Amino acid sequence: MLKINNLHVVIGDEEILKGLDLEIGPGELHAIMGPNGSGKSTLGYALAGRDGYEVTDGSMEFEGEDLAEMEPEERAAAGLFLAFQYPVEIPGVNNAYFLRSALNAQRKARGEEEVDSMNFLKTVRASLKSLKMDEALLKRAVNEGFSGGEKKRNEIVQMAVLQPKLAVLDETDSGLDIDALKLVAEGINAQRDGKRSFLVITHYQRLLDYLTPDRVHVLSDGRIVESGGEELAERLEAEGYAFLEETSEA
Amino acid sequence: MNQTAQQVEKVIQQRYKAGFYTDIESDRMRAGLDEEVIAMISAKKDEPEWLLEWRLKAFHHWQTMVGPNWAHLNLPPIDFQKIHYYSAPKQKDRPKSLDEVDPKLLETFDKLGVPLHERARLAGVAVDAVFDSVSVGTTFQKELKEAGVIFCSFSEAVQDHPDLVREYLGSVVPYTDNYFAALNSAVFSDGSFVYIPRDTRCPMELSTYFRINARDTGQFERTLIVAEPGSHVSYLEGCTAPMRDENQLHAAVVELVALKKAQIKYSTVQNWYPGDENGKGGIYNFVTKRGDCREDDSRISWTQVETGSAITWKYPSCVLRGDRSAGEFYSVALTHNHQQADTGTKMIHLGKNTTSKVISKGISAGKSNNSYRGLVRMARRADNARNYTQCDSLLIGKTCGAHTFPYIESSNASAKIEHEATTSRIGEDQLFYCRARGLDEEDAVAMIVDGFCKEVFKELPMEFAVEAKALLEISLEGAVG
């Protein structure tokens with residue numbers, strides 16, 4: 001599904017990712033943890049194709065295609081989804097209209113037929129319900145006046161509607177109370193169908209308690225320094241990131 | 001980040017679809033402005049003596065005035081002696097019906113999306129089409145007449161309803177009002193006249209389409225709308241002009257009179273040629289629009305979508321004379337390339353318990369400058385008057401400017417005035433968010449801008465809201481991409 005090889009990413013003059021390797025197979029859920037400033041969000045943005053995130057070396061292959069050659073909207077249409085750490089407000093643009101336009105733009109790019117509003121509403125309503133979100137949010141402007149938790153849950157609703165092949169979730173758990181966290185985790189688990197893959201970027205283990213990741217990676221200073229199973233997340237939670245220095249020195 | 005600015009810049013590569021020229025033989029008066037030219041215009045229209053006198057008084061007054069220089073505009077001097085003040089397509093006689101109108105003229109309006117012939121007429125909208133200095137024809141005359149509504153060209157009104165014209169002409173915007181209003185009063189050629197009788201709801205939307213065609217010609221139209229007590233009318237004007245390297249002058253005057261409990265809704269979709277991407281050519285749009293809520297409980301609402309013109313100088317205003325009268329101003333002004341706009345409104349509260357609401361949305365792109373200038377005045381006897389003003393600016397790219405000049409004068413301690421203003425930039429983060437969801441840049445910009453303008457678009461009559469939205473999208477083409 002996703003194959004990242006020796007990825008170097010520069011923002012301005014500063015190299016943030018310094019040779020990152022990562023491979024995610026179909027149906028797998030991987031977690032990336034790491035201290036602040038290690039490059040976690042940079043990885044998400046580089047995958048989605050944000051301006052100013054320049055790939056200077058290495059490669060990102062998504063289903064055999066070179067992501068660096070694609071525009072952000074082409075990546076989205078190909079099935080890559082980024083749940084934003086800070087979802088953006090778009091005043092005056094109706095939430096349902098935005099999502100339906102996005103879905104149809106993707107479908108059009110893939111040569112598929114546009115969805116009609118009835119079917120669209122059915123899908124959205126179902127995801128809203130499972131995330132315990134008020135339907136009235138559909139009529140509000142995109143993320144405008146949403147609480148922090150609503151914004152994060154809205155990202156999961158978008159994911160559920162857009163049905164990506166790979167979802168990159170950038171600290172979707174931060175700022176959520178425990179009930180919202182459970183709902184988000186359920187939302188993610190509901191989308192796990194053995195084919196769809198996930199890359200979950202997080203600070204804390206608590207989200208992973210509900211997700212059972214296939215692999216956990218530790219990102220530090222632009223590289224993956226440690227990979228393992230669920231037990232790695234537990235160890236990080238217990239010991240903090242301090243042990244990284246020990247391991248890298250050892 | 002610079003890349004975003006460049007992308008945005010690209011989307012605004014303007015395509016002006018109304019930029020064609022109609023090759024038609026015209027009857028054009030010599031260039032220059034003097035008493036003789038004014039007398040010739042008046043004679044062409046077979047005007048009564050009083051009107052010629054009024055024009056000459058206006059001209060003499062204009063000669064004593066100097067052009068306004070207070071606006072935030074870089075205005076090159078205008079040589080008023082080089083302009084032709086009258087140009088009309090040649091026709092044998094005044095056509096009695098639209099069937100007699102030169103097919104070339106009908107074709108022109110067809111191309112502009114304003115079909116005048118019977119079959120293709122816009123449903124539920126009566127149109128008066130003005131080509132350079134004359135009205136070409138007005139649709140749905142019969143239907144309107146049955147309702148007692150008068151909707152005709154200004155010239156016809158002078159002939160057929162001279163008493164009404166004489167009573168109301170200049171009663172809202174006197175010829176002494178300002179430099180361009182004085183000029184217009186001296187040389188105005190055509191425009192629309194609307195009269196809604198007492199307790200009548202006008203059965204359809206009324207609309208005037210203004211087209212400048214001839215070279216080196218100015219258009220000086222005059223519109224007068226009178227709403228008798230208890231009546232209601234919704235009126236819309238649209239405007240376009242061919243693409244030319246020279247600037248052309250458009251100086252109009254619009255007067256609205258709302259009597260007791262009458263309501264006038266006046267909408268404008270202004271798409272005059274804005275000049276090319278280097279700022280060459282385009283229309284100078286100097287317009288005086290004012291509504292007089294003359295009697296109690298009347299209401300006047302201005303909605304404007306301004307995307308065209310090289311320079312726009314325009315402040316549709318409301319004089320809230322009657323008690324409990326209400327004024328509204330909803331505006332979207334978009335400037336791109338080297339366009340300049342200084343636009344806003346004046347809300348003059350004279351009566352008790354009067355209310356006004358101002359929603360202004362300025363969008364600047366390219367190297368353009370966009371200013372909101374608004375006056376709210378609460379007179380001494382305007383007890384409990386209220387105003388709410390909201391003024392938002394959206395910047396696209398980094399080489400444009402947005403400015404807000406609010407003037408507030410209150411002589412009554414019970415008056416309440418609120419003013420809110422914001423300035424924001426189409427964020428790289430907003431664009432990226434949309435693109436990461438699959439929307440391409442142009443659609444993303446269109447969506448963000450549309451969202452920004454929503455409060456104003458919802459005030460437009462339905463058919464025109466769609467047109468305004470499309471126009472904004474075309475005007476923004478190339479701003480990113």
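Remember, predicted model here, so these are calculated numbers, not experimental data.
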May I ask you to decide if Phe81(A)'s main-chain N or O and Arg437(B)'s side chain share a donor-acceptor pair within less than 3.5 Å? no
Do any of residues 120-131 of chain A come closer than 4.5 Å to chain B, heavy atom to heavy atom, and if so which ones, in number order? none
Side chain, backbone, both or neither: which part of Cys453(B) has a non-hydrogen atom closer than 4.5 Å to chain A? neither
What part of Tyr433(B) is in contact with chain A, defined as an atom under 4.5 angstrom from a non-hydrogen atom: side chain, backbone, both or neither? both
Report yes if some heavy atom in the side chain of Pro91(A) is under 4.5 Å from a heavy atom in the side chain of Gln430(B); otherwise report no. yes
Select all residues of residues 149-158 of chain A having any heavy atom within less than 4.5 Å of some heavy atom of chain B, and report them by number, or 'none'. Glu155(A), Gln158(A)
Would you indicate whether Lys3(A), at its atom NZ, is surrounded by more than 12 heavy atoms from other residues, nucleotides or ligands within a distance under 6.0 Å? no
Heavy-atom check, side chain of Arg435(B) versus side chain of Arg50(A), under 4.5 Å: no
Just how far is it from atom CZ of Phe84(A) to atom CG of Asp429(B), taken to the nearest 0.5 Å? 8.5 Å
The interface call for Pro87(A) against chain B, heavy-atom contacts under 4.5 Å, is both
Where on Asp450(B) is there a heavy atom nearer than 4.5 Å to chain A: the side chain, the backbone, both, or neither? neither
Ile90(A) vs Met447(B) side-chain heavy atoms within contact, under 4.5 Å: no
Between Ala77(A) and chain B, with a heavy-atom cut-off of 4.5 Å, which part of the residue counts as in contact: side chain, backbone, both or neither? neither
Got more than 12 heavy atoms from elsewhere within 6.0 Å of CZ, Phe405(B)? yes
For the interface with chain B, which of Gly49(A), Pro72(A), Ala76(A) has the highest count of heavy-atom pairs at distances below 4.5 Å? Pro72(A)
Flag yes if more than 12 heavy atoms outside Arg386(B) fall under 6.0 Å of its CZ atom; otherwise flag no. no
Closest non-hydrogen contact found for Phe432(B) with Ala48(A) is CZ-CB, 3.7 Å
Is any side-chain heavy atom of Phe98(A) closer than 4.5 Å to a side-chain heavy atom of Leu439(B)? yes
Under 4.5 Å, counting heavy-atom pairs only, tell me which of Ala141(A), Ala102(A), Ala109(A) racks up the most with chain B. Ala102(A)
